[in-house]
Amino acid sequence: MADKGKKGKKKHVNKPTSKKYKKYKISGDKFTRDKCCPRCGPGIFLMVTNDRLYCGKCHYAEFVTKAK
Ligand SMILES: [Zn+2]
């Protein structure tokens, strides 16, 4: 006998995203939070790449010098 019903039983995978994403953190203690763009002002945050900060709005770039 085959099972009745129960077809298409999909596992519901819900990833809890309750925790707020941790902002990028650069090793060292210079940048531990997001930084605003000096040109665009507060509200416009700089994107952090490996070793630099970048503003996607005005294309301002700033290199991060890791204190060592
Ligand atoms: Zn900017």
Side-chain angles (χ1 to χ4, degrees):
M1 283 230 197
D3 295 332
K4 285 198 271 187
K6 291 194 179 178
K7 60 181 173 181
K9 188 184 178 187
K10 282 183 184 176
K11 210 175 184 182
H12 215 77
V13 182
N14 262 343
K15 288 185 182 174
T17 51
S18 53
K19 277 188 186 175
K20 218 173 185 185
Y21 237 70
K22 268 194 179 179
K23 289 287 183 182
Y24 20 73
K25 202 172 180 181
I26 294 179
S27 51
D29 48 14
K30 194 170 183 192
F31 293 105
T32 50
R33 295 193 334 188
D34 37 0
K35 194 182 176 186
C36 293
C37 176
R39 287 196 204 169
C40 299
I44 306 298
F45 297 106
L46 296 176
M47 186 181 75
V48 179
T49 61
N50 282 335
D51 58 351
R52 75 188 74 176
L53 301 165
Y54 177 75
C55 175
K57 197 175 179 184
C58 70
H59 304 285
Y60 167 86
E62 182 177 309
F63 282 89
V64 178
T65 49
K66 294 181 184 176
K68 193 179 181 187

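These numbers come from a predicted model, not from an experiment. Order of appearance sets the numbers: ligands from 1, and atoms from 1 within every ligand.
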How would you list, by chain and number, every residue that makes a ring-ring contact (aromatic ring centres under 6.0 Å, His included) with Y60, sequence neighbours excluded?
none
Does K35 form a side chain to side chain contact (heavy atoms under 4.5 Å, CB included) with F45? I'd like the steps, not just the answer.
CA-CA 5 Å; K35 194 182 176 186; F45 297 106; over 6 Å; no
At a cut-off of 2.8 Å, protein N/O/S around the Zn ion (ligand 1) gives C37 SG, C40 SG, C55 SG, C58 SG
Identify the residue among C37, P42, C36 that makes a side-chain contact (heavy atoms from CB on, under 4.5 Å) with C40.
C37
Rounded to the nearest 0.5 Å, what separation is found between the NZ atom of K57 and the CE atom of M47?
15.5 Å
